[in-house]
Every structure is written in C-alpha cells, then in structure tokens.
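Report on the following structure.
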Number of protein chains: 2
Amino acid sequence: MNGRHSGRPTLEEVALRAGVGRGTVSRVINGSPRVSDRAKAAVEAAIAELGYVPNRAARALAGNRTDAIALVIPEPETRLFAEPYFSDIIRGIGAELADTDMQLLLTLIRTPKERARFAQYLAAHRVDGVLLVSVHEDDPLPDLLEQLEMPAVLNGRRSDLESVSYVDADNVGGARAAVAHLIARGRRQVATITGPPDMYVARSRLDGYRQAVEAAAGGLDSGFDTALVARGDFTEEGGRRAMRELLVRRPGIDAVFAASDVMAAGARAVLRETGRRVPDDVALVGFEDSAIARHMDPALTSVRQPTEEMGRTMARVLLEEIAERESVRRHVVLATELVQRDSV
Amino acid sequence: MNGRHSGRPTLEEVALRAGVGRGTVSRVINGSPRVSDRAKAAVEAAIAELGYVPNRAARALAGNRTDAIALVIPEPETRLFAEPYFSDIIRGIGAELADTDMQLLLTLIRTPKERARFAQYLAAHRVDGVLLVSVHEDDPLPDLLEQLEMPAVLNGRRSDLESVSYVDADNVGGARAAVAHLIARGRRQVATITGPPDMYVARSRLDGYRQAVEAAAGGLDSGFDTALVARGDFTEEGGRRAMRELLVRRPGIDAVFAASDVMAAGARAVLRETGRRVPDDVALVGFEDSAIARHMDPALTSVRQPTEEMGRTMARVLLEEIAERESVRRHVVLATELVQRDSV
DNA sequence: ATGAAAGCGCTAACAC
DNA sequence: GTGTTAGCGCTTTCAT
C-alpha cells in the first residue's frame, strides 16, 4: 500500500460503484456487445459520476497496443518541402484523428543515428502505425516497416511498384493538364524544368509533360524534344540554372512547366532578368508544393495539390490498416487541380 | 500463461542473463548510483546482447509518468501564424528533444469540445508537460495547466503579469529598432499598423513603435500621433484596410512599420495601387512572423524572430520544469534581429 | 452475460 | 549494493 494513487478514479472504482465486476466495465468501455443493457447503463452512469478516464499506460501495457501513431519527418526535407505542405498535412491528419483517441507523435529524423533509434522504437512497438512523408527512393525505413509488419502509409511512393501503402497526388495528370493548358493557349515551344530523376515524383511530372506534348500533335513546333527538358533539383537556384540552360538551348521558348513552384520562382527571376515578360512572352506554370506561387505572384497559374486531403487520407488509410490485422496494402491517388490565375 | 508475449526481451530476461535481480537492472537503466560497477557491466552486456528496449507503457504505468510532452496548437491559429513559424518551432523543439527520450505529441485543438477532451488528457496525466503556442488572452488552458500543476511553457505571454512560464521574442525591442531604423534613414512621418489590441504581442510592438517615436525628438514631423496608428488584425486584408485608412488620414506618410509581415504585404499592395513606390516613396518594415517578406520581396527589411531558438528554449525550459518537482516559473525573452535587406 | 483471476513489464519500497 | 515483492490499471481468458 503506497501513496502512489493519482487521485483519479480507476476502473475498479467504477466497477464498485456500478455494482459490477471489473471485466464488465472493461467490456462497456471497449464497446463489447456481450453486456446487458442494464449493466451497461449502470457502468455508464458510474463513469459519468466519477469522471472516469481510462489510464492509457495501463491499457497499452495490458492490451499490447499504444493508441498512438507516429508521423515521421526526415529533417532535411522540412525546409525543402515548403512549409504549407507540412502544416497542411498535419492539419489533415489532425482532422482525421480528432474523433479517434489515437495520439499523434511527431518524430523528426535528422541523422542515421536517430533513424536507428527510431527503428528501436518501432521494434519495441511503441506506436501502432507510422505515417511517412517525403520518402526517398533509398530510404530504408519503408522496408523496415514492412519487415516489422508495422502498418504504415507513405505520402508519395518510391516507385511504380511501391509495396507499402501510399497516398499520392496525381502528378502525371497534373503535369499533363498544366502543359495541355499552355498548348491550348497557343504556346508552341513548351519547355519543362524537372526534379531529380531519382525521385518518382519528378519522373511522374515529366511523364505528364511528355504525354501532353505527344498528344498535342501539330499544336507545337516540335514533338517531345530533350532540348526542352532541363533538370532542376526542386530548389529555386536549381530552377534558375535550368532556365538559363533552356534559354541557351532554345531561345524561342514561350512557355515553361516547372515541376515545383519553387523552381518556377527561380525560372521567373531569370526570365525577367533576360528581359522576357512573364507571362506574356513566356508563360509559366508550376506544381504548387508550397504557397510561394501564390505569394510571389497571386496571378500565376499553378497545379494545386490537395495537401490537407492527403493528410486526412493517409491517416484514414493507416487507421484502417491498424484496425484489420491483415496487412492489405492500399494505394490512393488524389486528383490535382489546375488553378488558373492568369489569362495567359 | 497466455501467448501475448511480444517476442521482445523483458527486464526480467535481462536480469536472468546478467545473473542479477530485476531491481538491479532497473537501477542500471535509470542510472542509479547505487550499483556496483561489476553488476552494471554485466547488465549492460546483457542488454546489448539481447537488444533490450524498455517497454514504455510498463514504465509509464509503474512510474506514473509518460516521458511525453504535448505541443498544443489552437487550430485557427495555424493559418494565421504563417507557416514557417510553425515548422521552425517544431524544428527547435525536435532538436532539443533529440537527446532525450521524451516524445512529442502534437495536439491540434479546433473546438471547445476538443479543448475539453484535452483537459481530460491532462487530468489523466497522459503527458509530463505541455508546450503552448499562440495563446490568446482569454485562453482557459494556461490557467487549467496551473491548477493541475502541470509543467507548461507558453510561446508568448498573455500579459505583463504572465504567471505561467513563457518564452517570447523581444517584441518591444524589435519594433523600436525597426522604427528607429526608419527614422535614422530620414523618414519623417512614420506610421504603424498594429495587431488586435487584445493581443499582448500587438500591444508590445505598438509600445516599441511609440518608444522609438518618442525618443526621436525633432527627427520627426510630429510626436506620437494616433492618426499615424491604424489597427490591423494580422491578416493581409487587415493590412490593406489599415493602409488605406492611413493614407486618408495622413497622405504624406513616408514610412510604415507593420506589426506583421503579412500585414506589410497588404500595405505594400495598397501603396503600389495608389502609385507610391516602395520603398522609395514609402519605406516599409514588418515584423517577420512568416517568410512572406522574404519571398514577396527579398529586398525588404524586416524584424526577424528567432523562431527555431524559441522552440528549443521552450523545450529546454519545460524539461527543466519537469525535472525539478517544484514549479519555478521561468520567463525568457529572446532578442530579435533587424534584417536590413534594402537601402531605404 | 458476468465475476474472478492471471498477467502485461516495469518501478520503488523494503529487507538484508 | 542487491534481491524480493507489491503494486501501477487495464485486458482477457476462464469459469460459471
């Protein structure tokens, strides 16, 4: 008998008050159908009167679960992936979790050492599931998760054959729509600035560009032309470099589709420096990962991703995976939207 | 005897392997000095061999603590407080927590109902401490935290007499520096766009403005003049409205200090619409809560807040409060920096 | 349908 | 110093 008692009512006290056994109280709390209405009512009354709140730690210990999921954010990416992405995703996750009593753990992973530590966490089953954002092709975490049979959902995928559940934006479709838009407006030399080719998202957006170009038939000066493709790295400086390259290779360019709005910002700066009017001389459409496009130039057309919805969907999918014991992989691709804010 | 055993080694197995009792293992894990070097070595070896990781739930249950802290974010604010603030704070907290084995719980609070639910969490002692951002004057949470004697740290304060621990930026000093800068550059009619007067941060920035104006003596056309003070609400539209008002009241304004960069953006738009050149005709300095200033106009001077450091400091202060049992309140004010990016 | 009882893995008090 | 033991509050058989 020690004085550790926290002062909060326990399940046992509820049972006493309701005049039932602890097992019954537990069943009521967990919504078991095997309780009489009478007992259920008594228990619920007792819970309300006592202001009983189950002890999470005890539950976790006895039930071998944690009622918590982790959102893993590779630190280097939090800067690159511009900020609204980050908070939109979190908002979405939060919205989905609101009615649950799942908790959201935020895990920033900066170094391999921290990754190792997180792997320990996972192995020790300290969370019921994991949400991963900005996953790189060579990220070891998804495979680890799979080995551990830990429910997990990625935002984006590592490749076409992604084996782990994921929620992704329709990058191909978004890019295609953007380029088709430019072509429909009469642009005849549409270039593109891509992301690093080892990122699936970059390849997808390039695919979309290519599809639109190839579908254009005679609407363009040429078919798919590698001279109109410049490689960026999703940074503004990368966008600048790519734009300069493009202007050297094809000075007559009259439109650019950038695989990210940050690169679009870089491209825009270069275009202006070289005396081109944007969007009149050279129209610019970017994939909107951040809100930079909006702030930089509220009139710029861009491909909007449903970031918050991605967050919601990720959480929903993860909860489903946790609920069923089997690991059925789910793949969800959400539509993007071409937000036309200019009259190019 | 049931098959629930998770497969992970337990403290007991470590004890067996090391040839000591469970108590000793526990002492080693928790860094108690009351263990012989011999025993300690044996235990550590066993831990390494078995790959033992303590079970958090069991620890929490037995030790009546959770090794987790919550970061509470009032949902309505996440949009208002522009995004980089948010991720910088989190980055800072994460950095500070990295060497700890504290977990960070993210709690979005959207509605009074959710707040009530969170209060339950707190009462049930599901976290060891709480970090609060963007606290309003009438927010009931800080007082609740105090009643519960739950360690807590705010970012910002509700008033001069804040009773809960807080970490804040030097709003008065930052504003004063900004206005002094404008005056030093020869501006003679410096206006200000404030935030809502029921927010301490807004009042502080106005105080700084006032101090600088009053210190300027003959450097300005007039002393502190309420006609040069327009009220905004930290939104861009609010900045616009305030700027229009100011131009009606004092068309000769040649400088504006905005209490946030979002409002500065609004003001800038209005200035340009009315044919003023920025910064030549009217110089603009804003408090940089977001990175909007940087993106919108990389050359704009602004008052930079050490957001990431605020996050780190908040976490550090909270950990200290948790470590000592007494609740000593700490108040930390971090310096801001005037980042001069133009030559106004 | 429900009470009793056996743990879940750990901490901390207690004895030696 | 170290082993032993009694819980922490809950879930989950197992009887009944």
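Chain A is the first sequence line, chain B the second, and so forth, proteins listed ahead of strands; every chain is numbered from 1. The shown structure was predicted, so the numbers you read here are calculated from the model rather than taken from an experiment.
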- Message: Using OP1 and OP2 only, check whether a side-chain N or O of A:S26 sits under 4.0 Å from D:dT11.
- Response: yes
- Distance test, side-chain N/O of B:N64 to OP1/OP2 of C:dT11, below 4.0 Å: no
- Under 4.0 angstrom, heavy atoms only, what part of the nucleic acid is A:A15 near: base, sugar-phosphate, or nothing? nothing
- Query: If we fit an axis to the first five pairs and another to the last five of the helix from C:dA1-D:dT16 to C:dC16-D:dG1, what angle do they make, to the nearest 10°?
  - Reply: 40°
- Message: Rounded to whole Å, please give me the gap between CG in A:L11 and P in D:dG7.
- Response: 18 Å
- Could you check how far CD of A:E12 sits from P of D:dC10, rounded to whole Å? 9 Å
- Could you say whether A:P33 or A:G23 is positioned toward the 5' end of DNA chain C, judged by the nucleotide with the nearest heavy atom to each? A:P33
- Message: Restricting to salt bridge (charged side-chain N to carboxylate O under 4.0 Å, His left out), what partner residues turn up for A:R115, sequence neighbours left out?
- Response: none
- Given B:R329 and B:E320, is the salt bridge (Lys or Arg N to Asp or Glu O under 4.0 Å) satisfied, shown in steps? CA-CA 10 Å; B:R329 300 311 184 184; B:E320 285 169 13; over 6 Å; no
- Query: Between atom CG in B:N30 and atom P in C:dG9, what is the gap in whole Å?
  - Reply: 17 Å
- Closest approach of A:L319 and A:M102, non-hydrogen atoms and distance? CD2-CG, 3.8 Å
- Nucleotide C:dT2, atom P - distance to NZ of A:K40 in whole Å: 12 Å
- Item | Under 4.0 angstrom between B:S36 side-chain N/O and D:dT2 OP1 or OP2 | yes
Just the atom pairs and distances: protein N or O near nucleotides 14-16 of chain D's N or O, under 3.5 Å.
none

- Here the residues of residues 52-59 of chain B within 4.0 Å heavy-atom distance, strictly under, of DNA chain C are B:Y52, B:P54, B:N55, B:A58, B:R59
- Query: Taking only residues two or more places apart in sequence, or in another chain, which ones meet A:D101 in a side-chain contact (heavy atoms from CB on, under 4.5 Å)?
  - Reply: A:R56, A:R59, A:D67, B:R117, B:Y121
- Query: Is there a donor and acceptor pair, one atom on the side chain of A:R22 and one on the base of D:dT11, closer than 3.5 Å?
  - Reply: yes
Side chains of residues 42-52 of chain A: which donor-acceptor partners sit under 3.5 Å, not counting sequence neighbours?
| residue | atom | partner | partner atom | Å |
| --- | --- | --- | --- | --- |
| A:E49 | OE1 | A:R17 | NE | 2.7 |
| A:E49 | OE1 | A:R17 | NH2 | 2.4 |

